[in-house]
Structures are given as structure tokens and as C-alpha cells.
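Written below as C-alpha cells is the structure these notes are about.
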Amino acid sequence: MNFLSPTSLFLFGLAIPIVALYILRLRRRREPVSTLMFWEELFRERQTTSLFQRLKHLLSLLLQLLFLMLLVLAVARPQFAFITKSARQLVLIIDQSASMNAVEEGSDGRTRLEVAKEDALRTVDGLRFMDEMTVISSHTRPIIHIPFTNHQKSLREAINAILPTDISTNLEPAYDLAHAIAETKPNPEIVILSDFQSISEELLAKLKGETKENTDSEKAEQGVKHHLIQIGKANDNVGITQFRVRKSLVNAFDYQTLLRVVNASEEEKKFNVELYFNENLFDVRPYTLAPGESKSEIFSNFAFEGGKLKAVLDIEDALATDNTAYATLPKRDLIPVLLVTSGNPFLQKALAVDEQIKLTVLTPTEYETDILPESATSQAKKEYEVVIFDQYSPSTLGDGNYMFIYPPAVDSSETSNPELKWNIGAALETPIITDWERTHPILQHVHLANVQIGTAYEVTPPPTAQVLARSFESPVLFIDVTPSRKIVFAAINILESDLPLRIAFPVIIANTIQWFQQRSEILEYHLHTGEVLKQRIDSIDASYQPELKTATDSQHLVKITGPEDKTWEMPIEGEELLFDQTQRAGFYELKILEATDTTEEAAASDTSSSTEADSGIVWSINLADATESHIGTDPGVEELLEESVTPSGAVLLRYPPWVYLVFLAVGLSVVEWFLYQRRRID
């Protein structure tokens with residue numbers, strides 16, 4: 001035995017005045033009386049009980065000394081070796097994945113997570129004074145909510161702070177973390193509170209390996225005990241396991257949405273699938289699924305301007321989280337294209353049939369009058385994302401995307417435009433396209449064999465160019481890409497060829513526009529719960545230019561509005577936003593906020609403290625996990641659950657020894673008080 005406060009043992013010196021007070025005899029006072037007859041009788045009775053009186057006084061002294069000893073020992077806080085060796089270190093793992101949101105029958109509407117937290121609180125109540133506990137929550141990654149402590153109030157607060165999530169289950173990282181922590185402790189135990197609906201083979205192997213008997217007693221003593229506590233057993237559930245958006249293969253302005261639903265219960269289910277577009281009911285389809293059956297279906301005919309799409313299963317089951325899925329249909333903006341030509345009806349019609357293009361046609365004279373007087377990087381040029389020159393070369397060329405179709409044969413060394421880094425040579429007589437890059441995005445789904453060309457010329461592309469099509473040794477189509485400019489060059493006169501009469505011609509034009517935009521597919525603003533949202537700031541608000549921001553400018557924030565109208569405001573740092581608070585499924589809307597100046601002039605003006613930008617981007621976050629929709633217990637863990645023993649609560653030594661010493665001292669003080677009262681009566 002040792003003491004945490006050994007200096008307190010000096011308080012035993014208080015026994016000296018206690019003993020002195022009992023030894024001290026008071027001098028009796030003489031008083032004259034009229035007769036001694038009654039006093040002699042009383043004196044004879046006291047003599048007969050003097051031995052007993054002395055014994056009562058001695059017993060009272062011993063009780064007071066024992067009372068002092070107990071109090072001093074309590075202040076010194078004794079520690080016993082057998083108590084220290086029996087102390088437990090519990091690592092509590094609480095599963096907070098999506099399946100823990102399931103509601104069991106007869107649970108009074110409580111979710112599995114709420115039941116697990118109640119069991120965890122009971123485990124805290126059963127801790128002894130020398131036991132310690134740490135709390136870890138887990139979905140796909142573990143979070144330590146509190147380190148090892150025996151402070152029960154802090155443990156309860158940490159358990160109550162665990163919130164539900166819509167993230168998939170993966171207990172292995174949490175178990176590995178708990179095991180690594182437990183190995184540093186002398187008597188560790190791992191307690192897992194979960195529905196165990198999904199367990200990896202690696203984790204099963206680790207759990208089964210620890211349950212095997214070890215013949216080495218020393219290793220057995222150092223082993224980590226574990227307790228598996230199952231929360232919930234229901235498996236009646238239907239869920240959406242996939243909800244994705246893609247560009248329509250038929251209509252350039254339409255989308256196609258793939259919806260997959262699975263019946264994870266043991267009974268046939270009949271229900272409706274409701275599709276909402278911008279909170280308006282869009283479509284309803286009846287479903288009938290046999291046990292274990294899944295069904296996939298494609299929805300289309302959505303609006304061009306984009307919006308929020310939501311699929312809802314009209315059914316009540318144990319898990320409501322996977323009955324709703326979300327998708328974002330991004331707005332398909334028109335691509336502003338400028339065509340500079342003296343007259344090319346084939347090219348104009350090929351561009352006009354593309355519904356994604358907003359076409360502007362100018363003659364070379366109009367282009368030189370309206371555009372060229374401005375600087376090469378003027379706003380007038382920036383309004384067009386693609387500029388196509390048909391048999392024309394401008395005197396200046398700024399940054400951007402340009403396509404040249406059979407421009408005039410002018411040597412770049414003799415022109416004022418040194419940016420046109422190619423040399424046009426002699427004419428080619430009836431050239432034949434002999435080879436082309438079939439895998440390049442511009443020439444995908446294109447067949448150029450036997451194309452009849454009447455007029456073309458030789459061209460020497462710049463060293464940085466990539467040849468896409470050639471006639472024997474002479475290039476007829478090449479591209480040149482620099483950090484600030486993309487150029488597509490065609491060395492044939494399409495008006496004197498049969499290419500405009502082929503299906504390949506509009507396909508090449510459409511592929512070229514898409515290659516300039518670098519978006520052959522739509523931008524998908526879609527993530528699974530728990531994934532990190534990454535978004536470029538200039539995509540949220542194109543007007544925001546961090547390079548122009550100075551120290552005196554007001555601070556810009558990104559406001560994120562998530563499910564249940566929960567909001568986050570984050571300062572803009574850099575050009576990309578990283579957001580990891582995607583624990584719940586739903587829509588997350590991102591907007592730029594500009595904090596106004598806080599000077600007296602700004603306070604005098606009747607403006608709000610922040611103004612929201614008009615533009616914003618909406619992300620859809622989904623669970624969409626077939627494994628998570630099967631909320632029953634994993635068959636592989638059932639044997640371990642039967643063998644596992646629930647950790648028992650404390651019976652003895654729930655409190656430190658000094659507490660029991662204090663209670664014993666209080667009891668002795670009551671006995672001594674009783675003896676004192678008896679002495680007074682006697």
C-alpha cells in the first residue's frame with residue numbers, strides 16, 4: 001500500500017491533544033451541605049460502577065482515536081496494489097454510420113444510435129474509480145472524442161456529442177486505432193457498439209484471432225479483451241443504391257438519370273418511386289420487388305436550365321435515410337461562337353444545328369470594324385469563347401480559342417501578325433486524306449476515307465503543333481496548344497470538297513467546339529456522404545478575381561447551406577474550396593459572400609452586413625450504398641456475438657478507498673456520540 005499524499009500522515013499528531021484531554025482531571029470544588037447522608041449513598045453507587053465507567057471512557061477514547069486515524073488515512077488517499085492491478089482501460093467504439101439511423105420495432109421511435117448511446121452511458125455508470133475510458137465514434141474513419149479519463153461527466157458529454165451521419169460503415173480503421181491505443185495499457189478492453197451490418201474479412205480475421213485460446217499465459221495476460229454489443233436486428237428495408245446524372249445521348253440539352261432500387265428485406269415490397277424536379281412532382285412509377293431483387297430505370301426529359309432533382313421512395317421501413325436520393329442538373333449554358341466569313345452556308349448550317357451554340361456571324365469587314373480596333377485582349381473578344389475564321393486571317397490575335405479554315409496564303413514573316421506561326425506553301429492537286437488520328441476528341445466517330453477535296457495547300461505547322469490528318473506527307477489538319485491559346489488549322493477549302501455533304505462534317509465542328517471547352521461530358525456536382533467537396537472559387541462566382549484583391553478590400557466568404565438549413569461560412573483562401581462536413585445526405589449550396597465595410601459611413605448606410613452573390617453552385621450528396629441498405633447483421637459475425645460477453649458493472653470498490661474511510665469515520669462518530677450521551681445521562 002502507498003499513499004498519494006503521504007505528508008498528510010503527520011496529522012496523526014492530533015492524537016496527542018485528544019489523549020491529553022482524556023487524562024486531564026478537573027479539580028473538584030468544595031461546597032458545604034447540610035447533610036452527607038444522600039451523598040454517601042450516591043458515592044457508594046458510583047464506586048460499584050467505576051470500573052464500567054472507566055471502560056466507557058476508554059472505549060470513547062479509542063473510538064475518537066480510530067476516528068482520527070480514518071480521517072487522516074482518507075486525507076492521505078491510500079492506494080492498494082491489488083486495486084491498481086485490477087484497473088481496466090476501456091476503449092469504447094460507437095458506430096455512427098448510416099445504418100445506425102434505423103428505427104427498431106418496439107424501440108419507442110429511437111434509432112440504433114440512440115440505443116447504443118444509452119448502452120454506452122450505462123457502461124460509464126458501471127466504471128469503478130480506478131477504471132478509465134476513451135470514446136471513439138466510427139463510420140468510415142474514426143474520431144476520438146475524449147482521451148482516457150475516469151471523469152464520468154466528461155465521458156457522458158463526449159457520448160452525447162456523437163451525432164448521426166449518413167456515411168457508410170467501415171469499423172476496421174476504428175478497431176485498428178482502438179487496438180493500437182489498447183496495446184499501450186496494462187489491462188485494456190475494447191467495447192464495440194454496432195449493428196454489425198457490414199464487417200470486412202480482415203476485421204473478422206482480427207476479431208477471431210483474438211478469441212482463440214493462447215497457451216502462453218504471459219501473452220494471454222497481455223491480450224486485449226473485446227466485447228461486441230449488437231444494437232438492433234431488423235432487416236426490413238428498401239433503399240436507393242444509385243442515382244446518377246449523365247448527358248443525354250439523343251438531345252444535347254437533356255439529361256438522363258439512372259435510378260437503382262434494391263429490396264433488402266425478406267418480403268415482397270410494393271411502393272411508388274416519386275421524382276421531384278425543383279420540389280415539383282415530375283414523375284411517379286410503381287415498383288414491385290421480390291426479396292433481394294433490384295431494379296434500374298432511366299429518367300429523362302428534364303428542363304434545359306437545370307435544377308434540383310430528388311427521388312423519393314413512398315414506403316415506410318426501418319431505415320429512412322436511403323429512401324431519398326439527390327441529383328444536381330447543372331445549367332447547360334450556351335457557348336458563344338463567332339464566325340468570320342464572306343459567305344459559307346455549309347459552315348453556318350453546321351454550327352446552327354448545334355443547340356449548344358449561340359452563333360454570331362460577321363464578315364471580315366465587320367470584324368475589322370467592330371472587333372479589331374480594340375486591343376487583342378479586349379472584352380469584346382472575351383465575349384466569344386470560340387472564334388472561327390473562314391478563309392480569313394486577322395491582323396492581331398489575342399488569347400482564346402481559334403479555328404482557321406483555309407486562311408489566305410500569307411507568309412507570317414511578311415505580316416504584322418507574328419502569332420500566326422505557320423507557313424503556307426504550294427497548292428495540292430486533288431489531295432486524299434491518307435491517315436487521321438481516330439482517338440483524338442476532334443476526330444472521334446469520324447470516317448475520312450474517300451473524301452474528295454478540290455482545293456488545298458501545303459502547310460508547315462509550328463514545332464509545337466500536333467497533326468491530326470494528313471494527305472500523304474502534307475498535313476491538312478493540325479492543332480497548336482499554348483497556355484493562353486488553342487488553334488485548330490484546316491488546310492482545305494471545304495466549299496470545293498464533298499466534306500460538307502458528309503455526316504462527318506457537323507460531327508467535326510461539334511467535336512471541335514467541345515474540345516475547345518474541354519467538357520465532353522457535363523460537370524457532375526455529385527459526391528457520396530463523407531467525401532471531401534472540392535470546388536474552384538471562380539466556378540462559384542466568375543466575377544471574383546483574387547489577384548485583384550488588396551489588403552484594404554473587404555473579406556470574402558463562402559457560404560454553404562446544407563440539409564436542414566445548416567450553414568457554414570468559410571473565408572476564401574486560395575483558388576479552391578475544400579469542405580469535409582458532408583456527413584448528411586442532401587443538397588449543399590455554395591455562394592460567395594462579401595462582408596461590407598464596418599466604418600461609420602457603412603454603419604450610417606442602411607445596408608446589410610453581408611450581401612450574397614447572385615450566382616451559386618449546388619452539390620448533391622448521397623448515401624447510395626447497396627451494402628448499407630442491407631441493415632441486417634452480417635452472418636460472419638454472428639458466432640462472435642454469441643461468444644462475446646457484455647462488460648459487467650462494478651460491484652465493489654466503485655469509489656476510491658478514502659470515500660469508504662470517510663463513511664466509516666462518520667459511523668464511528670455516531671457511535672462515539674451515543675456513548676457520550678450515555679455518559680451524560682449516567
Side-chain angles (χ1 to χ4, degrees), residues 90 92-127 133 135-139 143 145-146 152-169 171 174 191-199 227-240 263-267 269-271 291 312-324 529 563-566 583-586 623 625 627-634 637-638 641-642 644-649:
L90 276 69
L92 189 68
I93 301 176
I94 299 179
D95 184 2
Q96 60 172 163
S97 61
S99 62
M100 293 294 286
N101 294 323
V103 178
E104 300 285 327
E105 293 185 4
S107 62
D108 299 329
R110 296 176 300 167
T111 64
R112 292 178 177 179
L113 178 61
E114 292 172 343
V115 175
K117 291 165 68 173
E118 291 175 1
D119 288 352
L121 293 175
R122 283 194 290 269
T123 304
V124 172
D125 293 336
L127 293 177
M133 178 184 286
V135 179
I136 300 175
S137 66
S138 173
H139 33 75
I143 299 174
H145 289 265
I146 188 172
Q152 295 193 5
K153 181 180 179 181
S154 299
L155 290 169
R156 293 189 186 94
E157 291 176 351
I159 293 172
N160 290 325
I162 297 176
L163 300 176
T165 70
D166 296 332
I167 305 177
S168 303
T169 306
L171 291 174
V191 182
I192 305 177
L193 298 168
S194 173
D195 54 7
F196 299 103
Q197 58 86 218
S198 176
I199 286 193
H227 309 276
L228 308 183
I229 302 178
Q230 183 182 10
I231 308 295
K233 297 182 179 180
N235 59 0
D236 184 18
N237 185 52
V238 177
I240 299 174
N263 178 13
S265 61
E266 298 178 354
E267 300 177 356
K269 296 293 182 181
K270 295 182 179 181
F271 54 92
V312 180
L313 304 185
D314 184 16
I315 189 173
E316 293 185 3
D317 52 20
L319 183 61
T321 302
D322 59 356
N323 290 347
T324 305
T529 48
E564 301 176 355
D565 293 329
K566 186 175 182 180
Q583 286 84 7
R584 302 310 299 263
L623 171 62
D625 190 328
T627 303
E628 203 70 16
S629 293
H630 291 76
I631 61 175
T633 306
D634 193 313
V637 79
E638 291 181 352
L641 291 173
E642 295 176 357
S644 181
V645 179
T646 303
S648 58

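Positions are given from 1 along the sequence.
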task: Compare every heavy atom of G632 with every heavy atom of N235, then report the nearest pair and how far apart it is.
output: CB-CA, 3.8 Å

statement: Here the gap from K270 atom NZ to N263 atom CG, rounded to the nearest 0.5 Å, amounts to 12.5 Å

- prompt: What's the verdict on side-chain contact (heavy atoms from CB on, under 4.5 Å) for L92 and L155, showing C-alpha distance, side-chain angles and the deciding distance?
  reply: CA-CA 10 Å; L92 189 68; L155 290 169; over 6 Å; no

- prompt: Between I94 and A120, what is the shortest heavy-atom contact and its length?
  reply: CD1-CB, 3.9 Å

- request: For A264, check side-chain contact (heavy atoms from CB on, under 4.5 Å) against everything at least two apart and list the hits.
  value: H630

statement: Rounded to the nearest 0.5 Å, the CD atom of Q197 sits from the CG atom of D634 at a distance of 8.0 Å

Euclidean distance, D317 CG relative to D236 CG, rounded to 0.5 Å: 6.5 Å

- line: For D322 and S629, the nearest pair of non-hydrogen atoms, with its separation, is OD2-OG, 2.8 Å

- request: Kindly give the heavy-atom pair with the smallest separation between D195 and S99, and that separation in Å.
  value: OD2-OG, 2.8 Å

Other residues, nucleotides, ligands: >12 heavy atoms within 6.0 Å of E118 CD: yes

message: Can you give me the closest heavy-atom contact between F271 and D314, atom names plus distance?
response: CB-O, 3.7 Å

field: Residues E628 and T169: side-chain donor-acceptor under 3.5 angstrom
entry: yes

query: Would you say the side chain of S154 lies within less than 4.5 Å of the side chain of I146, judging by non-hydrogen atoms?
result: yes

- request: Determine yes or no for a side-chain-to-main-chain donor-acceptor pair under 3.5 angstrom, with K117 supplying the side chain and I162 the backbone.
  value: yes

task: Quickly, which of V124, V191, V135 forms a side-chain contact (heavy atoms from CB on, under 4.5 Å) with L90? Name it, please.
output: V191

statement: Rounding to 0.5 Å, atoms CG (L228) and CZ (F196) come to a distance of 4.5 Å

field: Of R584, Q583, H139, the residue whose pairing with D166 passes side-chain hydrogen bond (donor to acceptor under 3.5 Å, both in side chains)
entry: R584

message: Closer than 3.5 angstrom, by distance alone: can the side chain of N237 be matched with the main-chain N or O of I631 as a donor-acceptor pair?
response: no

message: Looking at R112 and E104, is any side-chain nitrogen of the basic one under 4.0 Å from a carboxylate oxygen of the acidic one?
response: yes

message: Under a 3.5 Å distance rule, please check whether T165 uses its side chain to pair with a backbone N or O of Q96 as donor and acceptor.
response: yes

- request: Indicate the atoms forming the closest heavy-atom contact of L623 with A585, along with that distance.
  value: N-CB, 4.3 Å

- prompt: Just how far is it from atom CG of L121 to atom CD of Q152, taken to the nearest 0.5 Å?
  reply: 10.5 Å

field: Donor-acceptor under 3.5 Å (D108 side chain, R110 main chain)
entry: no

- request: Can you sort out the partners of T627 under side chain to side chain donor-acceptor pair (under 3.5 Å), two or more places apart, ordered by chain and number?
  value: none

message: With side-chain contact (heavy atoms from CB on, under 4.5 Å) as the criterion, how do L319 and N101 come out once you've worked through the C-alpha distance, each side chain's angles and the decisive distance to 0.1 Å?
response: CA-CA 6 Å; L319 183 61; N101 294 323; 3.9 Å; yes

- request: Give, for atom OG of S138 and atom CD1 of I167, the distance between the pair rounded to the nearest 0.5 Å.
  value: 10.0 Å

